[in-house]
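Only a predicted model underlies this, so the values are computations on that prediction, with no experimental measurement involved.
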Amino acid sequence: QVQLVESGGGLVQAGGSLRLSCAASGRTFSSYLMGWFRQAPGKEREFVAAISRSGGYTYYADAVKGRFTISRDNAKNMLYLQMNNLKPDDTAVYYCAASTKVLVTTRYADYNYWGQGTQVTVSS
């Protein structure tokens, strides 16, 4: 089992940047595929980005491609999401998640463990 705690959310103007962090504890962090999801008010939780166990492969939702970067530091048990050129549509609660799947997946149901979320608000 792994415990996940997100941080780094906040209020930022459109065009600005934020870096989200996710601290993991419990079983070996490097054994998990990791992902970021987000949920805006009144909408379903949606996939944002995922990264392979080693960090060598990443995958992004079209809405964030070219603006967001997912990364991990297995030595520090940390997951990151660098968000640049933020838009008001990026406003949501952002969740980090861990999966026991081997291949990168965008499916919500494939992720076994979730953090509590961190709020990101982008003003226009």
Side-chain angles (χ1 to χ4, degrees):
Q1 191 171 355
V2 62
Q3 292 78 42
L4 304 171
V5 179
E6 302 96 335
S7 61
L11 174 64
V12 63
Q13 288 188 333
S17 298
L18 281 176
R19 188 194 195 202
L20 304 184
S21 299
C22 175
S25 61
R27 283 188 57 190
T28 305
F29 176 66
S30 60
S31 67
Y32 292 97
L33 160 69
M34 298 298 297
W36 286 98
F37 287 74
R38 66 186 182 186
Q39 187 166 17
K43 295 187 177 181
E44 293 187 351
R45 194 170 298 190
E46 65 174 2
F47 169 80
V48 174
I51 189 166
S52 62
R53 296 176 177 183
S54 68
Y57 180 79
T58 57
Y59 188 79
Y60 298 91
D62 287 344
V64 306
K65 199 173 296 182
R67 300 187 297 122
F68 290 12
T69 301
I70 187 172
S71 62
R72 68 191 296 166
D73 186 336
N74 287 342
K76 295 182 179 180
N77 287 2
M78 293 293 296
L79 176 73
Y80 305 100
L81 185 68
Q82 177 67 42
M83 305 185 295
N84 298 329
N85 190 21
L86 282 160
K87 304 175 181 180
D89 284 349
D90 295 320
T91 295
V93 177
Y94 283 71
Y95 300 89
C96 72
S99 172
T100 56
K101 295 290 186 180
V102 174
L103 298 179
V104 166
T105 176
T106 65
R107 296 179 66 238
Y108 171 91
D110 287 339
Y111 288 81
N112 311 90
Y113 305 103
W114 294 83
Q116 83 290 349
T118 185
Q119 176 71 46
V120 171
T121 303
V122 184
S123 63
S124 57

Let me confirm one number: the CE-OG distance from Met78 to Ser7, rounded to the nearest 0.5 Å.
6.0 Å
Note, Tyr80 side chain near Asp73 side chain (heavy atom, < 4.5 Å):
yes
Measuring from atom CG of Leu33 to atom CZ of Arg53, what distance do you get when rounded to the nearest 0.5 angstrom?
7.5 Å
Would you say the side-chain atoms of Ser17 and Asn84 include a donor-acceptor pair closer than 3.5 Å?
yes
Partners of Ala49 by side chain to side chain contact (heavy atoms under 4.5 Å, CB included), sequence neighbours excluded?
Tyr60, Ile70, Leu81
Hydrophobic cluster membership, Tyr111 vs Leu4, 4.5 Å side-chain cutoff:
no
Kindly state each residue pair satisfying side-chain hydrogen bond (donor to acceptor under 3.5 Å, both in side chains) with at least one member in residues 35-44, sequence neighbours excluded.
Arg38-Glu46, Arg38-Asp90, Arg38-Tyr94, Gln39-Arg45
Lys65 versus Asp62, closest heavy-atom pair with distance:
NZ-OD1, 3.1 Å
Determine, step by step, whether Lys87 and Arg67 satisfy the side-chain contact (heavy atoms from CB on, under 4.5 Å) criterion, reporting the C-alpha distance in whole Å, the side-chain angles of both residues, the deciding distance to 0.1 Å, and the verdict.
CA-CA 10 Å; Lys87 304 175 181 180; Arg67 300 187 297 122; 3.8 Å; yes
Please check this pair: side chain of Arg19 against backbone of Gln82, looking for a donor-acceptor N/O pair closer than 3.5 Å.
no
Full working for ring-ring contact (aromatic ring centres under 6.0 Å, His included) between Phe37 and Tyr95
CA-CA 5 Å; Phe37 287 74; Tyr95 300 89; 8.7 Å; no
On a heavy-atom basis, the closest approach of Ala92 and Ala40 is CB-N, 3.8 Å
Check whether any side-chain heavy atom of Val2 lies under 4.5 Å from a side-chain heavy atom of Tyr32, and answer yes or no.
yes
Might you point out which heavy atoms bring Ser124 and Pro88 nearest each other, and give the distance in Å?
CB-CG, 3.9 Å
Donor-acceptor check, side chain of Ser99 to backbone of Asp110, threshold 3.5 angstrom: yes or no?
yes
Nearest 0.5 Å please: distance from the OG atom of Ser54 over to the CG atom of Asn74.
8.0 Å
Would you compute the distance between atom SG of Cys96 and atom CD of Glu6 and round it to the nearest 0.5 angstrom?
4.0 Å
Test item: Thr91 side-chain N/O and Thr121 main-chain N/O as donor-acceptor pair under 3.5 Å
no
What I'd like to find out is whether the side chain of Phe47 reaches to under 4.5 Å of the side chain of Val64, using heavy atoms alone.
no
Does the structure place the NZ or CZ of Arg72 under 6.0 Å from the centre of the six-membered ring of Phe29, at an angle of no more than 45° from the ring's axis?
yes
Work out which heavy atom in Val120 is nearest to a heavy atom in Met83; give both atom names and the distance.
CG2-CE, 3.9 Å
Are Tyr113 and Val93 connected in a single hydrophobic cluster, I mean Ile/Leu/Val/Met/Phe/Trp/Tyr linked by side-chain heavy atoms less than 4.5 Å apart?
no
Crowding at CD, Gln13 (>12 non-hydrogen neighbours, <6.0 Å):
no
Linking I/L/V/M/F/W/Y whenever any side-chain heavy atoms sit under 4.5 Å apart, do Val104 and Val48 land together?
no
How long is the straight-line distance from CG of Leu79 back to SG of Cys22, given to the nearest 0.5 Å?
5.5 Å
